Amino acid sequence: MARLSVNVDHVATVRQARKAFEPDPVTAALNAELAGADGITVHLREDRRHIQDRDVFILRKTVKTSLNLEMAATQEMLGICLEIKPDMITIVPEKRQELTTEGGLDVRKNMEPLKKFVQTVREAGIAVNLFIDPVPDAVKYSHRIGSTGVEIHTGAYADAKTGAGREAELKRIYDSAVLSRRIGLKTHAGHGLDYTNVKEAAAMKEIEEFAIGYSIISRSVYVGIGEAVKEMKRLVG
Ligand code: PXP
């Protein structure tokens with residue numbers, strides 16, 4: 001049964017629309033955990049468009065499951081990560097103009113700086129996943145630079161417009177997940193997964209954890225975060 005890490009970024013998106021105090025991602029995270037979330041994920045972006053430093057610091061104290069900090073491989077984020085010590089970080093490529101993370105890391109191109117970065121974080125006792133596209137090379141290079149694991153980008157699968165396209169993307173995810181497990185990496189997946197498309201990915205026993213945000217927080221508006229998390233847990237498990 002795969003674990004579900006609930007990404008609460010978009011609770012903060014609503015709060016930041018008014019630069020107000022609510023809704024609070026910390027409260028949302030607590031409720032997600034009460035409903036059975038196996039972990040909480042937040043992305044502290046360079047431009048602080050949703051999650052704020054204060055959120056991450058408080059979450060470190062309140063999250064009882066596992067805190068996953070998504071971040072770019074910058075010196076600023078390294079400092080914050082070493083201070084907060086989340087259970088895990090997921091390194092993502094970050095562009096200011098994007099609405100959400102668009103693609104996986106180019107691990108091969110950034111081997112040397114990434115290797116150093118990963119080593120420093122792992123020496124602090126923090127697990128490191130790299131967010132990668134579902135391609136074998138990215139899995140192999142992640143292993144080579146010493147990451148704990150990978151998070152396989154499921155966005156192209158979620159965005160596929162035809163049955164054939166979905167099948168092709170699922171195969172890419174599956175092949176990457178099989179390879180990742182075979183070489184001993186922790187194998188996670190996420191991005192764009194929702195209540196209609198998660199089942200096919202969740203059927204892959206190689207995937208140990210899913211990071212899902214937007215669809216859960218969207219459904220929370222109608223049914224509350226507890227119910228939204230429970231429904232997703234049933235689909236993932
Ligand atoms: N995984 C990573 C690395 C992400 O950047 C995001 C989006 O912040 C997610 C998972 C969650 O994606 P979604 O919000 O589409 O479920």
Side-chain angles (χ1 to χ4, degrees), residues 2-14 16 25 28-29 32 37-52 55-56 59 66-74 77 81 86 88-107 114 127-134 138-139 142 147-160 169 173 176-177 180 186-202 207-221 225 228-229 231-233 235-236:
R3 297 184 298 275
L4 171 65
S5 186
V6 176
N7 179 318
V8 294
D9 289 354
H10 296 303
V11 177
T13 301
V14 176
Q16 296 312 111
D38 303 292
I40 299 297
T41 293
V42 285
H43 185 172
L44 186 64
R45 280 184 165 268
E46 189 192 5
D47 63 11
R48 307 299 198 270
R49 69 175 68 161
H50 39 53
I51 292 294
Q52 306 295 304
D55 302 328
V56 192
L59 284 167
S66 181
L67 180 64
N68 172 31
L69 177 63
E70 290 176 2
M71 51 180 248
T74 64
M77 287 301 150
C81 147
M88 180 176 97
I89 66 164
T90 303
I91 303 180
V92 298
E94 209 177 280
K95 295 190 216 116
R96 275 199 175 235
Q97 309 309 329
E98 68 190 359
L99 285 178
T100 181
T101 317
E102 281 168 357
L105 286 165
D106 189 340
V107 187
L114 272 177
V128 183
N129 265 7
L130 302 187
F131 186 53
I132 56 163
D133 291 323
V139 178
S142 299
S147 76
T148 324
V150 292
E151 181 180 328
I152 300 170
H153 194 333
T154 51
Y157 159 64
D159 289 342
E169 290 302 332
I173 294 167
S176 301
S180 171
K186 300 275 180 214
T187 305
H188 298 190
H191 211 283
L193 295 174
D194 63 24
Y195 296 85
T196 67
N197 64 20
V198 75
K199 261 195 147 169
E200 289 86 342
I207 301 176
E208 299 159 272
E209 183 169 311
F210 290 93
I212 307 180
Y214 185 78
S215 60
I216 294 175
I217 302 308
S218 299
R219 186 161 292 204
S220 303
V221 172
I225 193 159
V229 170
E231 282 179 43
M232 189 58 85
K233 272 282 285 184
L235 294 171
V236 163

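Just so you know, ligand 1 is whichever comes first in the structure, and atom 1 is the first atom listed for that ligand. These numbers were taken from a predicted model, which means no experiment stands behind them.
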Original post:
Tell me: protein heavy atom nearest atom 16 (O) of ligand 1, and distance?
Top reply: Gly213 N, 2.8 Å
Original post:
Which atoms from ligand 1 have a heavy atom of Asp9 less than 4.0 Å away?
Top reply: 8 (O)
Original post:
Hey, are Ser142 and Ser147 close enough side-chain-wise for a donor-acceptor pair under 3.5 Å?
Top reply: no
Original post:
With a cut-off of 4.0 Å, which atoms of ligand 1 are near a heavy atom of Val92?
Top reply: 3 (C)
**OP:** List the closest protein heavy-atom neighbour of atom 10 (C) of ligand 1: residue, atom name, distance to the nearest 0.1 Å.
**Re:** Glu151 OE2, 3.3 Å
Original post:
Starting from atom 15 (O) of ligand 1, which protein heavy atom do you reach first, and at what distance in Å?
Top reply: Gly192 N, 2.8 Å
Original post:
How far is atom 11 (C) of ligand 1 from its nearest protein heavy atom, and which residue and atom name does that atom have?
Top reply: Ala211 O, 3.9 Å
Subject >> Identity and distance of the protein heavy atom lying nearest atom 5 (O) of ligand 1 >> reply: Thr101 OG1, 2.9 Å
Subject >> Non-neighbouring partners of Ala177 that pass side chain to side chain contact (heavy atoms under 4.5 Å, CB included), sequence neighbours left out >> reply: Ile152, Thr187, Glu206, Ile207
Original post:
Taking 4.0 angstrom as the limit, do Asp47 and Arg49 come out as a salt bridge?
Top reply: yes
Original post:
Of the choices Phe210, Phe131, Tyr214, which has the non-hydrogen atom that lies closest to atom 14 (O) of ligand 1?
Top reply: Tyr214
**OP:** Quick one: look up the protein heavy atom nearest atom 7 (C) of ligand 1 and list residue, atom name and how far away it is.
**Re:** His191 CD2, 3.8 Å
Subject >> Any donor-acceptor N/O pair, Thr154 side chain to Tyr157 backbone, under 3.5 Å >> reply: no
Subject >> Pair Thr41-Asn7, side-chain donor/acceptor within less than 3.5 Å >> reply: no
Original post:
With a cut-off of 4.0 Å, which atoms of ligand 1 are near a heavy atom of Glu70?
Top reply: 1 (N), 2 (C), 3 (C), 4 (C), 5 (O), 6 (C), 8 (O), 9 (C), 10 (C)
Compile the donor-acceptor pairs under 3.5 Å between side chains in residues 210-219 and protein atoms, sequence neighbours left out, one pair per line.
residue : atom : partner : partner atom : Å
Ser215  : OG   : Leu193  : O            : 2.9
Ser218  : OG   : Tyr214  : O            : 2.7
Arg219  : NH1  : Glu231  : OE1          : 2.4

Original post:
Can you tell me if Asp159 uses its side chain to pair, donor with acceptor, with the backbone of Gly192 under 3.5 Å?
Top reply: no
Original post:
Is His43 reaching over with its side chain to a backbone N or O of Arg45, donor-acceptor style, under 3.5 angstrom?
Top reply: no
Original post:
Just which atoms of ligand 1 are under 4.0 Å from any heavy atom in Asn7?
Top reply: 8 (O)
